[in-house]
Amino acid sequence: MRKQGKLTDLMSHVPNWVWLLISLVMGFMVWQLLADTPKTSIVFASPKEIVLAFIKEEKLHTIWTNIGISLFRVLAGFAIGFVVAIPIAFLMGWYKIFRNLVEPWIQFIRNIPPIAYIPLIIAGVGVGERAKVTVIFIATFLVMVVSIYQGVRNVDETLIKAAKILGANNRVIFLKVVVPASIPFILVGVRLGLAAALTTLVAAEMTGASSGLGMMVWSAGQYFDMPVVLLGIIIIGIIGLIFEEIVKFLERRLTGWQETHVA
Amino acid sequence: MRKQGKLTDLMSHVPNWVWLLISLVMGFMVWQLLADTPKTSIVFASPKEIVLAFIKEEKLHTIWTNIGISLFRVLAGFAIGFVVAIPIAFLMGWYKIFRNLVEPWIQFIRNIPPIAYIPLIIAGVGVGERAKVTVIFIATFLVMVVSIYQGVRNVDETLIKAAKILGANNRVIFLKVVVPASIPFILVGVRLGLAAALTTLVAAEMTGASSGLGMMVWSAGQYFDMPVVLLGIIIIGIIGLIFEEIVKFLERRLTGWQETHVA
Amino acid sequence: MAGNPCSMKVRAKVKIDNVKKVFAGRNGETVALNGVNFNIEENEFICVVGPSGCGKSTLLNIIAGLEEPTEGKVYVDDKEVKGTGAERGVVFQQYALFPWLTVRKNIEFGLKLKNLRQDEIDRITKRYLDMVDLKEFAESYPKELSGGMKQRVAIARAYAVNPKVLLMDEPFGALDAQSRTQLQSELLKTWEEERKTCFFITHDVDEAIILAQRVVIMSARPGRVKEVVDVDITYPRTQETKMTKKFLELKRYIWGNVYQEYLAVRK
Amino acid sequence: MAGNPCSMKVRAKVKIDNVKKVFAGRNGETVALNGVNFNIEENEFICVVGPSGCGKSTLLNIIAGLEEPTEGKVYVDDKEVKGTGAERGVVFQQYALFPWLTVRKNIEFGLKLKNLRQDEIDRITKRYLDMVDLKEFAESYPKELSGGMKQRVAIARAYAVNPKVLLMDEPFGALDAQSRTQLQSELLKTWEEERKTCFFITHDVDEAIILAQRVVIMSARPGRVKEVVDVDITYPRTQETKMTKKFLELKRYIWGNVYQEYLAVRK
Amino acid sequence: GNSNLGNSANSTSLRTLKVGYMPNMGSASALVTGIKMGYFKQEGLNVQLVQFSAGPGEIAAMASGNIDISQIGNGAHTLAAKGKADIICLDDFSIADEILGNKDKGVNSISDLRGKKIATSLGSSSQLILDLALASKGMTEKDVTVVNMDPSSAVTAMVSGNIAACAIWSPSTFIVKQKMGNKIVMLANDTTFKDKVSFPSSFVVTPAYAQKHQTVLVKFVQGLYKAMDYRAGHIKQVADWVASEIKQDPSLLQQDAHTSKWLTSKYVFDAVKDGTLKKMYQNQEQVFLQQGLIPSSVNVDNYVLYNIMTRAYEANNKA
Ligand SMILES: Nc1ncnc2c1ncn2[C@@H]1O[C@H](COP(=O)(O)OP(=O)(O)OP(=O)(O)O)[C@@H](O)[C@H]1O
Ligand SMILES: Nc1ncnc2c1ncn2[C@@H]1O[C@H](COP(=O)(O)OP(=O)(O)OP(=O)(O)O)[C@@H](O)[C@H]1O
Ligand SMILES: [Mg+2]
Ligand SMILES: [Mg+2]
């Protein structure tokens, strides 16, 4: 941590969870305010209404099923995206030919709205779970490959030289040097990849799903059932926060060696 | 460039544009194939049809207007997102209190599908240009703040120390050390931010647009006018490629000092 | 010019008061410094020698205000050190050049922050580029320099801002013997003229003696001040001074002293 | 053991054939090496001295296969150098430790690639940790080490893989005089036992003479071989050798020679 | 001979048909009724529903063979006109579209729309109604500001006063009325222009599928007819079934029940026989042509499979 004044010094001793709490309370206050303001109350169901929407018995079970199935889709799509992005990013960084052939297409596709390529995915892989996972895979892959590729390009040349001198072949250099040296970029990729997975959920579940959080949000939106829409958004947001905590945990484990100026 | 075999050595002398050409030709072939396969032809208009869609006189003018207005929205939203993301990322990296208060909300919001917060934007900022720019701003801001924040955290502590010793205050350290040292992360942010701006275009133009590429794609989709849908996608993709070239140009100018192992 | 230090009113420029520094690593704590006490007088040139890892750089960082001592305090001009200050300049052991700036821009960095006129900046930059022999490389980036050249840029950058106290961490470590000699002479000459307070870490006992008024010998980890040796050789000193009897005596004495420490590390 | 080199069949281990190296920077080209020719014989210990920026590191990189010469060729065992090879080990001027690995893991890195048994790896790692006095810091990360400690890790890491040719770029530059002496002796002892071909860059003329069979003096940029001086002092050499008349003569000769080069740089 | 097969089907293995639909009454009601009442089973068919949220996905799934039959809305009929799909049965007519004005913004009649900001979903049947309404007062879209929006977004825009009027469809129309009460005036709906346009929704298959599976399709339409006939008389019950199928609030679907004109099998059969069906699809094609959505006029006989509709009706009524 930076050196700071007295007050900030004192404040920096407040434990993290207190800040989280303050942040949450502030959020709730804004929310209640929005729910009470006539202009925005139409889209902002009050917290109470949402709780009611949640505990409506008949929905309770559905919601858990929806969460389960959507989590599966998100994690599967993300996992495949990650596993594919790492070697592709590496090959792009390493082999000029590969990069020249692949890069334009990655750049082209990453700008296309997911909603626009859904028909194509259905035509290609059908309407089963595979279609949903594929949509999420594409979205996460594109985000991750861009950031991991930058990471691969940024690896300190001297470390690669050192590894070569010690007898490392390309595979070893990749796994033992490029990957650990790119961790900060991989973390950006993972964070944005997970976010992309969740924001694409609605689009993914438009490929012929009858359950899932995205579907729930979308169809409730069609009927202007705002408590359920907000409920869905909050659940997606909370899933995102949980993902973030996991990423943070991994980050602490993976970057303990790093010299950084942030506490 | 890595050391490679004879063949690859030879191939690495082929100029970049030749590879781009090969890549393009391959893409066209796949496309024509998809347009000819009965299974996929329904969603894949052939290149010819698209060219016809483009040159239909009455459309020609509309398309340029659509491109113009969408470009404006994309660039305005992106620019605001960028200008806001940099100081926010910096404050998050620098001040623990700020981070603790702001981070949970950024993490929460970044997982929400844009399509889900459109009603809120309409309620908040109406249906004018501001609404579209706001949607794109949110999407790009969230992507950029995540990657730039990682960049800020990753700045080599010794360089900050050196700057302090030379008499730099926080503002100078930010502008003259943190920003240049984070360039690789800022580039990731810019790339993904531009992609986010384009992929959110359809969603943004659902907030009451009467022209624009996203609207064009969406309304053509309503009638399965696939040539126009694909035309829109291709134009968006090409805009993305042009953006990428600009980013690459900036990258070369900004990171010439960097020690990297990629040619 | 080369006055006798005793004739001046001597006061402590830097006071190091019972400084302790503990690093908490993953594998337990490392006590880098423990009970370090000594003063650097105004206008004094102090050299610090001691075995690798004994806490020399840590002490320098604390004086510079870049690290906080775990215990104890450091005062500069009787004011407790809290953070960095423009009156203390540092040459880092690992250069710490800004890789995105050319050699010239690196040297100008601190000058620009002083609101000097551009022609003033140019004049000073030129002077120090000359001093470290890097005129030709003014527009090169650090990655295009050899190890020794980088170190010379770091020295020029620290000199250029003209701080009251210069803290230098093995500034001549990566230099060839010749550049080293040249920069030693340069430093001596400047010091004799300006009497800037200097805190200079080196692992070369010759260098310590030729430069310093006092040599601080640090003991092996946890670093303490083992002995402070007065170098009573009058200025101006030149490279020839290295051949004098006094010099050789001091050298033998300090060397022997440090060697004991070294053996202590080896257990 | 310490046989006369003449009694052995001498053949060129490393042949440097008319090597030229030009760096194309943003501000024109820098000719780092031009027409460099010399051989390193099998089992020979060669030291290289020369002014800062004269191309020593560049030459080492070319021999290691990390850079390609712009013109000319390098042969090792009569085979042209194309990329790196496990038979050539390097200690880099700027350490190049893997920051995400502990000291132990850094040293083990090369060993693991040789498919050795774990107990073998442990044994070797322990041996070199001992040699560089870093047992206690085996589980520390590079950021937790002092400058000298980092350099010692780099040395241990290069030694551990036991290459046939050792290329060292100012390996003792950041070390205090004592560690330096200790590691010089260590290196001498090992070399006398194993007669590993060594290419050793230093800016310390004493160090060059005490270690080398031949000292290569390089001229200022563009780097050329100015003179190759035979060091006809028999092994085993110890620190006492530094006091012999022969040694002092050589020292004066080489120093004077290098100094001319240095003056050439200063114009 | 069809009825024999149909009667014995419950004992033997059923032939599975995957049918795509969208989660609203107009699209789901006949299918859900057929399944609930066992009408498809009676024909030896096991109908599996696959839900889509938008038409393009449905068509792509059908073209790639992931589903067999699609229930499509008005817009997707362009594909039939382009020869990419064949219509096997008419399901219902949508009367869901309405033009709603906000009195507070000075909209009390169609003429008041001039210069106002109107939200609609571009390319939808609502936009078509809007165009017709404007034309009836001598205006075009140029005389107003038309902005693109999802119906559910249009609700927000109406309520928050950002637009003066909207052309949208149910259930968003109900919500606007419910939230704004007597501020809202209904300016026009589908029935206002029923002589000019109608918005059928139909069941379609790919031409290749139609060729190969004639008999199966006849059986499917047989089941469908029975369902349509049942639906016509029990719309409240059907709405509840659909609600549970698509996991929605039944009260919303009860409202949705009034947004289509529900047809009987007899109506369809008669329409085929007396040419009204053909005429209706021809009208639709004319509109597409005017909008430039299809390149040229084609004979609707090329893509409307009358014989399936008649054969199914005859088979049902012989038994
Ligand atoms: N960031 C850190 N975390 C943990 N331990 C550290 C850190 N920095 C230094 N140390 C430890 O503190 C001790 C002193 O380090 P310091 O860098 O001050 O030594 P030094 O005297 O400058 O040595 P050298 O001459 O090798 O540069 C060492 O044992 C080192 O391991
Ligand atoms: N990547 C590079 N780009 C451009 N010029 C370079 C590069 N690397 C080295 N040089 C130049 O080549 C010359 C020789 O550099 P080299 O590092 O070999 O010197 P050196 O003899 O090792 O010096 P030192 O003793 O200071 O380490 C220098 O003038 C340097 O500026
Ligand atoms: Mg140090
Ligand atoms: Mg060098």
Side-chain angles (χ1 to χ4, degrees), chain A residues 34 37-44 53 56 58-63 65-66 113-132 135 201-229 232, chain E residues 18-25 28 48-67 70 79 150-162 168-180 243-253 255-256:
Chain A
L34 286 169
T37 309
K39 215 178 146 187
T40 46
S41 65
I42 174 167
V43 284
F44 264 106
K56 246 198 251 173
E58 19 151 74
K59 300 237 162 160
L60 208 60
H61 178 250
T62 334
I63 282 177
T65 327
N66 284 343
I115 212 110
Y117 55 69
I118 282 177
L120 167 63
I121 303 240
I122 292 177
V125 296
V127 293
E129 284 309 304
R130 263 171 58 206
K132 288 120 199 137
V135 172
L201 193 58
V202 172
E205 291 182 350
M206 287 197 154
T207 61
S210 48
S211 59
L213 286 172
M215 202 62 229
M216 180 178 110
V217 168
W218 184 82
S219 61
Q222 294 300 99
Y223 288 94
F224 218 79
D225 189 355
M226 278 304 161
V228 173
V229 171
Chain E
K18 289 187 181 160
V19 187
Y21 76 107
M22 282 167 281
N24 56 52
M25 274 299 278
Q48 287 181 358
L49 297 183
V50 182
Q51 184 180 322
F52 288 86
S53 44
E58 210 182 355
I59 297 298
M62 186 179 73
S64 60
N66 287 292
I67 57 172
S70 294
L79 282 175
D150 215 39
S152 56
S153 303
V155 175
T156 315
M158 275 298 273
V159 174
S160 57
N162 283 302
I168 53 174
W169 59 90
S170 70
S172 301
T173 44
F174 300 132
I175 294 155
V176 172
K177 288 183 211 161
Q178 179 199 316
K179 301 255 174 198
M180 300 180 71
S244 81
E245 172 69 27
I246 67 174
K247 302 188 187 77
Q248 263 305 340
D249 196 338
S251 63
L252 292 169
L253 284 145
Q255 295 177 316
D256 217 6

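Here the structure is a predicted model, which means the values were calculated and not measured. Proteins get letters first, then strands, A, B, ... in listed order; numbering begins at 1 in each.
Residues forming a side chain to side chain contact (heavy atoms under 4.5 Å, CB included) with E:Ile246 (at least two apart in sequence, or on another chain): A:Tyr223, E:Tyr21, E:Pro23, E:Gln51, E:Val242, E:Gln248, E:Leu253. Residues satisfying the salt bridge (Lys or Arg N to Asp or Glu O under 4.0 Å) test with E:Lys177, not counting sequence neighbours, are E:Glu98.
Within residues 168-175 of chain E, the residues having any heavy atom under 4.5 Å from a heavy atom of chain A are, by residue number, E:Pro171, E:Ser172, E:Ile175. Contacts between residues 58-67 of chain E and chain A, defined by a heavy-atom separation under 4.5 Å, are made by E:Ala60, E:Ala61, E:Ser64, E:Asn66.
Of all the heavy atoms in E:Ser152 and A:Gly221, the pair that sits closest is CB-O, 3.1 Å.
Looking at E:Asp150, the atoms closer than 4.5 Å to chain A (heavy atoms on both sides) all sit in the side chain, from C-beta outward.
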